[in-house]
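Letters A, B, ... mirror the listed sequences (proteins, then strands); counts begin at 1. Because the structure is predicted, anything quoted here is derived from the model rather than measured.
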Amino acid sequence: MELATFVQTLANSLVLGSIYALVAIGLSLAFGVMRMANFAHGEFYMVGAYVVYALYALAGWPFYAAVAVAVPVVAVLGMLTERLIFRPTKSNTLAGFMATAGLAFILQVLAGQIWGVGLAKQVPMPIVGATEIFGALISTQRLTIIPIAFATLAALWVFLYRTKWGRGMRACSIDPDAAALQGIDIRKMSLLTMGLSGASAGLAGALMSPIYSVTPYMGHGVVLIAFIVVIIGGMASVEGAVAAAFIIGFVHTFGTTIWDGITATMLGVAFMAVILVIRPQGLFGQNPV
Amino acid sequence: MLEIKNLKVSYDKVEVLHGLSLNVNEGEVVALVGANGAGKSTTLRAVSGLVRADAGTITLDGRRIDGASAVDVTRAGIAHVPEGRRVFAEMSVKENLLVGAFQRSDKDGIARDLASVFERFPRLEERQIQMSGTLSGGEQQMLAIGRALMSDPSVVLMDEPTLGLAPLMCRQIVKIVRELNSQGKTIVLVEQNARMALSVADRAYVIEKGEISVTGTGQELLHNPDIKKAYLGIA
């Protein structure tokens with residue numbers, strides 16, 4: 001592989017890894033605190049992209065203003081999901097799974113009804129042009145995703161490891177009963193978790209809207225990858241989700257460049273299978289399931 | 001101070017406490033002893049709001065706390081050291097202690113209590129950045145007790161604090177219970193190790209099949225022939 005191709009592929013891996021990390025971290029936080037898998041998580045990502053489409057591409061707002069609105073909009077969507085789905089189905093994990101799968105379809109149909117299902121929506125690039133790095137030309141818009149995602153992940157890390165509510169969130173995810181005995185309100189914590197989970201998925205979708213085509217079904221592929229990432233990382237492990245997101249980002253991008261997209265996807269799934277065999281609890285998971 | 005009247009609790013419609021009553025006065029160490037499955041832990045779990053009572057009342061200083069959430073019970077001044085210690089294994093020792101102070105916002109008070117926990121348990125201070133899952137059983141028990149103290153409670157509920165610990169460590173726990181009590185904490189101690197519990201308790205209740213069967217001072221029960229036979233292994 002030539003240096004230019006290599007650098008380009010590397011940059012794309014980082015972009016993809018950043019997006020996977022933002023999406024997977026929300027899935028992992030929600031699973032950790034509530035032991036619920038949110039099948040509508042991909043649709044949170046999709047809604048984030050549509051908010052940018054509506055405000056930036058249609059209404060003519062500045063791109064980053066649209067992104068800044070997408071994040072709280074999807075955070076509220078996440079909190080509503082906690083309040084209306086996870087809280088009532090708390091004692092019944094299967095009901096929670098099915099209800100969020102239903103929510104995924106509802107959000108897809110709603111987006112289709114409002115904006116149409118036909119052609120993918122094109123969100124124009126806010127920054128046109130490319131940046132040259134070691135002879136490789138890389139879309140500047142893509143590159144901007146890397147620092148934004150890294151800053152967001154760093155902020156989440158500081159929140160989880162350096163603040164009272166973040167420590168409380170980790171305690172809930174380790175042992176909810178013991179956390180309740182410390183005076184931690186699991187309901188409030190679940191609401192906060194789903195807010196953060198929605199916010200990070202919404203941000204990922206918003207950032208990706210000018211790069212990938214926006215359709216009501218765009219969340220589907222992403223959420224499958226996010227589940228793979230979370231399984232590789234260890235279901236409730238945030239560090240694991242981030243590490244696995246970049247690993248899968250690299251596998252997918254390099255796989256696609258060297259062979260093709262389908263082979264790359266197969267490699268990612270094969271990697272998950274290997275991990276499940278040799279380390280069933282995931283790379284950073286604590287307890288073998 | 002803590003008063004339980006006619007408490008009935010069931011798990012999956014099977015009643016395990018059939019109208020249990022007991023009271024704990026301020027400054028006392030009260031032990032609940034009895035066989036495995038008699039309902040000792042359930043009593044503590046009902047007090048701290050982890051299980052709902054079907055009937056009966058629980059009051060703390062005259063205020064009803066049955067039906068209150070675990071959060072409200074903690075805020076009311078009751079700390080619960082759960083059975084099996086339940087430290088947050090993937091968090092450091094210091095983080096575990098800070099989580100214990102979750103519902104407090106007095107920074108100075110938290111710092112003072114953290115220092116006093118470290119003074120009480122120098123082992124924990126040495127290992128404050130270590131993941132608590134890597135501690136020995138005895139150290140984890142100290143951490144669980146320290147974590148409970150971080151909420152600055154007036155009543156400490158301890159569920160089987162000596163379970164699985166070496167004899168030397170058990171004596172250490174007894175010492176800690178006495179110390180905490182002499183510093184003004186009211187303590188409710190649940191133990192299968194009846195000898196240990198009765199020797200440290202001012203008063204004790206024997207729980208059999210979800211009801212109180214015998215009550216008296218720790219010394220009385222230690223010398224009660226029936227208790228000796230049933231729980232102390234002496235004919």
task: Rounded to the nearest 0.5 Å, what's the gap from CZ on R86(B) to CG on D175(A)? Could you check?
output: 4.0 Å
field: Contact check, side chains of Y161(A) and M91(B), non-hydrogen atoms, under 4.5 Å
entry: no
- line: Filtered by a 4.5 Å non-hydrogen cutoff, the part of residues 30-45 of chain A contacting chain B is none
message: Within a 6.0 Å radius of atom CD on E15(B), are there more than 12 heavy atoms belonging to other residues, nucleotides or ligands?
response: yes
field: NE2/H220(A): more than 12 non-hydrogen atoms of other groups inside 6.0 Å
entry: no
- prompt: Roughly how far, to the nearest 0.5 Å, is the SG atom of C172(A) from the CZ atom of F102(B)?
  reply: 7.5 Å
query: Crowded around I278(A) CD1? As in, over 12 foreign heavy atoms under 6.0 Å?
result: yes
- request: Indicate the atoms forming the closest heavy-atom contact of A180(A) with L50(B), along with that distance.
  value: CB-CD2, 4.3 Å
- prompt: Is the shortest distance from a Lys or Arg side-chain nitrogen in E90(B) or R170(A) to a carboxylate oxygen in the other one below 4.0 Å?
  reply: no
field: R279(A) atom CZ, neighbour heavy-atom count above 12 within 6.0 Å
entry: yes
message: Closer than 3.5 angstrom, by distance alone: can the side chain of K164(A) be matched with the main-chain N or O of R104(B) as a donor-acceptor pair?
response: yes
task: For V99(B) and Q182(A), work out which heavy atoms get closest and say how close.
output: O-CB, 3.5 Å
Heavy-atom side-chain contact between L181(A) and T74(B) under 4.5 Å: no
- prompt: chain A heavy atoms under 4.5 Å from A79(B): which part of the residue, side chain, backbone, both or neither?
  reply: neither
Residue among I184(A), D177(A), I186(A) with most heavy-atom pairs under 4.5 Å to chain B: I184(A)
field: Top of V71(B), I78(B), V73(B) for chain A proximity - count of heavy-atom pairs under 4.5 angstrom
entry: V71(B)
message: Are more than 12 heavy atoms, taken from residues, nucleotides or ligands other than E119(B), located less than 6.0 Å from that residue's CD atom?
response: no
